[in-house]
Every structure is written in C-alpha cells, then in structure tokens.
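In what follows, residues are counted from 1 in the order of the sequence shown.
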Amino acid sequence: MKNFSLIFSIGFWTFSIYGQWSINPASNTIVCSALNKQVDPRILEDGAGGAFIVWKDYRNSVPDIYVQRINQFGVVLWALNGVGVCTDAADQSTPNICSDGQGGCIIAWSDWRSGIERDLYAQRIDANGNILWQLDGVVVTNKPNREHNEKIASDGFGGAIIVWEQQDASGTWDEWAQRIDANGNAMWAAGGVPLSTAVSNKINGRLESDGSGGAFVVWQDLRNGIDYDIYAQHVDASGGLVWGGNAKIICNAVGTQASPKIEPDSQNGGFYVSWVDSRSGNSDIYAQHIDANGIINWNANGNAICTSAGNQSALDILSDPTVDGLVLSWKDNRNGNYDIYSQRINTLGNTQWPLNGILICGNNNDQLNPNIAIDGVGGSIICWQDSLNGEFDIRAQRINANGALQWTNSGANVALAIGDQTSVKNCTDGATGSIFVFMDQRSGINDIYAHHLYGTGLSYSLAELESNTKSPISIYPNPFSNYIKIDKPIDIQITTLRVYDLFGHQVLYSEADLNEIFLPDLSQGVYLVELTTSNEKFINRLIKE
C-alpha cells in the first residue's frame with residue numbers, strides 16, 4: 001500500500017448509493033454471520049430485482065432453516081441474519097425454495113422432529129417476511145421410513161409440488177410427490193403419491209411445473225437390475241399418473257445414466273432433460289426433449305452434448321422463455337484439471353456451438369460446481385468455485401446466445417476474500433446481471449454472503465456513473481496526476497475511503513477523515529473512489545493521467 005494523506009472541493013462523476021452491494025469482491029455483502037456455521041444456500045429471484053436466500057443454520061447448535069430477502073440495491077429487508085423458517089429443536093436440513101407466484105416464496109426441507117426418521121415439511125413466507133402457515137411448517141409427509149432429497153416447484157396457483165425419495169420396508173427407494181395449496185393443505189393422497197409402481201430403486205428426482213397444476217418429474221431408475229437409467233412421469237393437478245404406472249423411459253443405454261436435470265420448454269410445451277451418461281466408459285453429457293404429450297422428439301436415448309475425453313459431470317442446465325433451446329454447463333477434465341464448459345442445443349436437438357462445447361474457464365487448478373442463470377436478453381451467466389489462487393474463490397462468465405464470452409476470459413471476480421468461498425448459486429437480477437450467494441469461510445467458519453454483478457461483469461453500474469447525480473461530496477482534480485482533493489460540508493464525516501480499479505480490486509483503504517490523498521504510483525486509467533459516511537455511500541469516477 002502506498003503512503004497517503006487526504007483533502008475536500010467540488011467534483012465530478014459523483015453519485016450516492018443508498019444500498020449495500022459492495023463493489024469489492026473481497027468484501028461482498030453479508031447475508032448471515034450468526035453464531036456457528038451457516039451452509040447449503042439456495043437463491044430465488046424475487047421478481048423485483050432482488051432475491052430470496054434460504055440456508056441451513058447452526059446458530060442454535062442443531063440445524064434450523066432460515067431465509068432472507070435482499071433487494072436490488074443489496075439491502076437485506078428482513079430480520080438481521082434472517083427469518084427462522086423452522087427453529088424446532090430437532091434437525092432440519094436441505095432447504096429448497098420456489099416462488100408462491102404472489103411475491104413470496106415456499107420452502108421445503110427434511111426434518112427429524114419425529115425422532116424416528118426424516119420427514120418433510122414446508123412453509124410459505126410472504127414478500128414482507130411473514131410466516132403464513134403453521135409455526136415450524138406444515139407436514140408434507142411423515143411416514144415411518146425415511147423421506148429425503150426433496151425438490152420443490154410452484155404449482156402456479158399459490159402452492160407448490162414437492163417430490164422426494166422415500167424408503168420402503170425393504171430398503172428400496174421410490175420417488176413420491178405431494179401438492180400443497182396456497183393455505184398449506186395437502187391436495188393429494190395423505191403421504192403423497194408414488195410416481196411409478198415399478199419395483200426398483202429410484203433416486204435423484206427433479207421436477208418442473210406443467211403450467212396446469214401438475215408437474216413433469218425425472219429421476220434415475222435401477223429397474224434393469226444392472227445400472228441406472230433415466231425415467232420420467234407427468235403427474236397431473238389431481239395427482240394422477242398421466243404416463244402410467246411404469247412411467248416413461250427417457251434413456252436406457254448401456255452404462256449408468258445419472259444426475260438428471262430438467263428445464264421447461266416454455267415456448268413449445270413439454271420439457272428438456274439432461275444427464276451424465278457413462279455409455280462410453282467415461283462420464284459424458286446427453287440430453288432429450290419431451291413434448292407436452294410425452295412424445296420423445298430427439299434420438300432414442302438422447303443426443304450427445306459432450307463426449308470429449310475425460311469426465312464431464314456437475315451438470316446444470318437452463319432454458320430461457322425468450323429463446324428456443326437449452327444451455328448446459330458442466331465441469332470437464334479433458335485437459336487434466338477440471339474446467340468449465342458450456343453448450344447450447346436448439347429445439348431440433350442440434351448443438352449450436354463448437355463440438356463438445358465452448359471453454360468458459362480454463363484457469364490453472366480446478367474450477368468446480370457451475371451454476372447457470374439467464375441474463376434476460378437470450379444469453380446466460382455461469383458461476384463456479386475457482387481454485388486458481390489455491391483457496392476457492394467465486395468467478396462468473398456471461399455468454400451471449402451465440403456462445404461468445406462477454407466478460408474477461410478468466411471470469412469476472414465475484415468473491416475473493418481469504419478462506420474458501422464455495423457452493424455458489426446465482427439468479428437473474430431482473431435485468432442483464434446476476435445475484436450470487438455462496439458459503440464463505442473468511443471468518444474461519446462458514447457464513448452466507450452475496451454479491452451482485454451488472455451485465456457488464458462489473459460490481460457497479462456504468463449508467464449510474466454517467467448520471468452525474470448531485471452529491472454534497474466532490475473530488476478534484478479530474479483527471480488527476482499524483483493526488484486528489486476532497487471537498488465536503490463540515491458536518492459530514494468520512495468513515496472509510498476506498499479506491500478500486502475497474503475490475504473491483506482495492507488499491508487503497510483508509511479510515512481517516514482527511515482532505516488530500518496522494519496516489520503517485522497508480523497506472524493510467526479509470527478508478528472508483530468510494531467514500532462512506534455514517535449513513536450514505538458515495539462513489540466517484542476519476543481518471544488517472
């Protein structure tokens with residue numbers, strides 16, 4: 001860090017920020033730093049430029065479920081460190097979240113309160129953070145044997161459909177489902193409905209709404225007795241099995257097909273499904289399209305997305321209501337270490353980008369666990385945990401509909417704090433950027449942090465910088481050479497001053513309320529000076545000559 005001192009006058013490119021998004025990827029925005037650890041975050045766009053974030057929380061020693069809402073400015077709207085969705089004395093785990101379609105959300109989780117085995121519960125929270133159903137949740141299913149690995153989707157009528165794995169007395173796992181209405185009442189048979197009557201292990205179920213109160217569900221199925229295949233079911237609004245007790249075969253190629261993901265085809269009806277496939281002896285990526293009538297549209301046993309050397313796994317997929325087709329992302333060790341790749345496939349089943357996908361990030365060391373969100377204009381934003389610097393950081397890349405990278409080749413920085421940042425998830429910010437949530441060990445134990453990037457890949461808006469909003473604080477000269485001076489009213493006290501380059505790297509920090517700062521060693525270019533007072537934050541764009 002360079003020697004400096006500080007001054008205060010009238011300036012240029014200054015604006016006030018009333019929110020809390022940090023522009024520094026080494027700082028980020030705190031969602032929860034309560035006692036003990038917080039893990040397993042999930043994120044859902046709130047429809048207003050912000051997001052709901054839910055996680056598993058150990059502040060009371062035994063894990064509970066908490067949720068928070070953060071708005072488009074990065075301000076947490078509900079109770080400090082989140083609202084308790086379920087704080088029953090027993091263990092609650094694996095929260096999953098969907099929209100209630102009315103500005104709030106519905107959360108399902110695995111719960112040990114019976115003392116016998118895990119059961120499933122759910123809760124609805126309105127846009128203001130109020131609990132709408134029974135304290136600590138309504139029962140989804142509480143049979144004697146274990147129910148777990150639940151997933152949830154909106155039913156389109158203020159309620160939700162939940163699918164899960166359920167173990168029978170012989171130890172076999174089946175896929176079951178239940179629909180909960182807007183008041184928290186179970187709408188199907190008590191305990192739910194089995195999605196197939198075939199006797200076999202069925203695991204890793206995923207679902208999407210059918211738009212009519214029912215759902216399409218996919219899973220991996222061991223009914224051939226040798227290896228897993230992919231099956232699907234359409235369960236209607238009344239809990240009926242549209243595709244019969246045997247369900248529908250999606251892929252029964254040789255080798256194991258596993259970890260299916262599902263996305264709606266909102267333009268044409270039906271859905272896309274993709275999975276990790278070992279028919280070649282390695283783990284590859286395949287996909288299929290099924291229309292609303294259950295007709296398989298592409299090649300028998302799916303279309304190859306990536307059959308490159310090495311293994312492909314950790315698959316995530318995304319469809320966009322405004323653009324035909326499907327975008328896929330995965331981790332890939334064709335080059336030795338794990339990198340992030342992506343591919344687009346159109347509604348006819350044809351890949352749109354180079355064979356075996358485009359390289360999203362090939363940094364040294366491993367890049368893992370990609371997550372993908374729409375960018376609002378036909379492209380997508382992919383984030384991952386990245387070990388380029390030894391510890392895991394979070395980076396992201398935006399790609400357009402043609403597969404062209406929009407941000408810096410190594411990925412835009414999302415989280416660079418000390419310690420590991422992992423388990424990143426992201427969602428649209430309602431414009432062309434993304435909101436990210438992740439587990440963060442900068443304190444030595446996992447907390448929950450968030451960050452925001454605009455569609456530019458930067459943590460601040462160029463439009464805001466160009467607005468030249470009036471401010472009581474100003475900085476000059478601009479351009480500057482070796483120093484800047486700061487002018488402010490006498491009753492305003494600066495609590496912190498930070499200087500960043502355009503990639504969000506902090507190049508100077510001070511807690512002194514001085515009036516001149518010397519910056520003789522900065523390279524030519526554009527810098528941001530962030531000034532924080534007791535109740536506001538001001539950012540000034542300056543040019544170094």
Listed once per pair and sorted, the side chain to side chain donor-acceptor pair (under 3.5 Å) pairs that draw on residues 76-88, sequence neighbours left out: none
Under-4.0 Å salt bridge between Asp40 and Arg42: yes
Residues forming a ring-ring contact (aromatic ring centres under 6.0 Å, His included) with Trp55, sequence neighbours excluded: none
Flag if over 12 foreign heavy atoms under 6.0 Å of NZ, Lys37: no
Side-chain touch Cys383/Val414, heavy atoms, less than 4.5 angstrom: no
Non-hydrogen atoms of Ser459 and Leu453 that approach each other most closely: OG-CD2, 3.5 Å
Electrostatic pair Arg146-Asp119, nearest N-O below 4.0 angstrom: no
Partners meeting side chain to side chain contact (heavy atoms under 4.5 Å, CB included) with Ala51 (sequence neighbours left out): Ile43, Ile70, Cys427, Ile435
Test side-chain contact (heavy atoms from CB on, under 4.5 Å) applied to Ser380 and Asp375, Val327, Val323, Asn400, the passing residue: Val327
Heavy-atom pair of closest approach, residues Ala258 and Ile230: N-CD1, 4.0 Å
Nearest atoms (heavy-atom pairs only) where Ile290 meets Asn297: C-OD1, 4.3 Å
Ionic contact status for Asp46 with Arg69, cut-off 4.0 Å: yes
Heavy-atom side-chain proximity of Pro264 to Ser319 below 4.5 angstrom: yes
Centroid-centroid distance, Trp173 to His148, less than 6.0 Å: yes
Pairwise side-chain contact, Leu195 with Leu241, heavy-atom cut-off 4.5 Å (strictly under): yes
Which atom of Ile285 lies closest to which atom of Leu328, heavy atoms considered: CG2-CD2, 4.2 Å
Lys NZ or Arg CZ of Lys202 over Trp219 ring: under 6.0 Å, within 45°: no
Residue pair Gln220 / Trp275, side-chain heavy-atom distance below 4.5 Å: no
Beyond-backbone contact of Ile448 with Ile53, side-chain heavy atoms, under 4.5 angstrom: yes
Minimum side-chain heavy-atom gap Ile340-Ile382 below 4.5 Å: yes
Residue pairs involving residues 206-219 (criterion salt bridge (Lys or Arg N to Asp or Glu O under 4.0 Å); sequence neighbours excluded): none
Aromatic plane relationship, Phe438 with Tyr449 - under 30° parallel, 30 to 60° tilted, over 60° perpendicular: parallel
Side-chain donor-acceptor contact under 3.5 Å, Trp176 with Asp174: no
Partners passing ring-ring contact (aromatic ring centres under 6.0 Å, His included) against Tyr66 (at least two apart in sequence or in another chain): none
Side-chain touch Ile180/Ile162, heavy atoms, less than 4.5 angstrom: yes
Heavy-atom pair with the smallest gap, counting every atom of Ala415 and Asp393: O-CB, 3.1 Å
Qualifying residues under side chain to side chain contact (heavy atoms under 4.5 Å, CB included), relative to Ala401, sequence neighbours excluded: Arg344
Ring-face cation contact, Tyr121 with Arg113, 6.0 Å cut, 45° max: yes
Nearest heavy-atom neighbours spanning Ser93 and Lys56: OG-NZ, 3.2 Å
Near-ring test Phe436/His451, centroid separation under 6.0 angstrom: no
Asn426 and Ile381, any side-chain heavy atoms less than 4.5 Å apart: yes
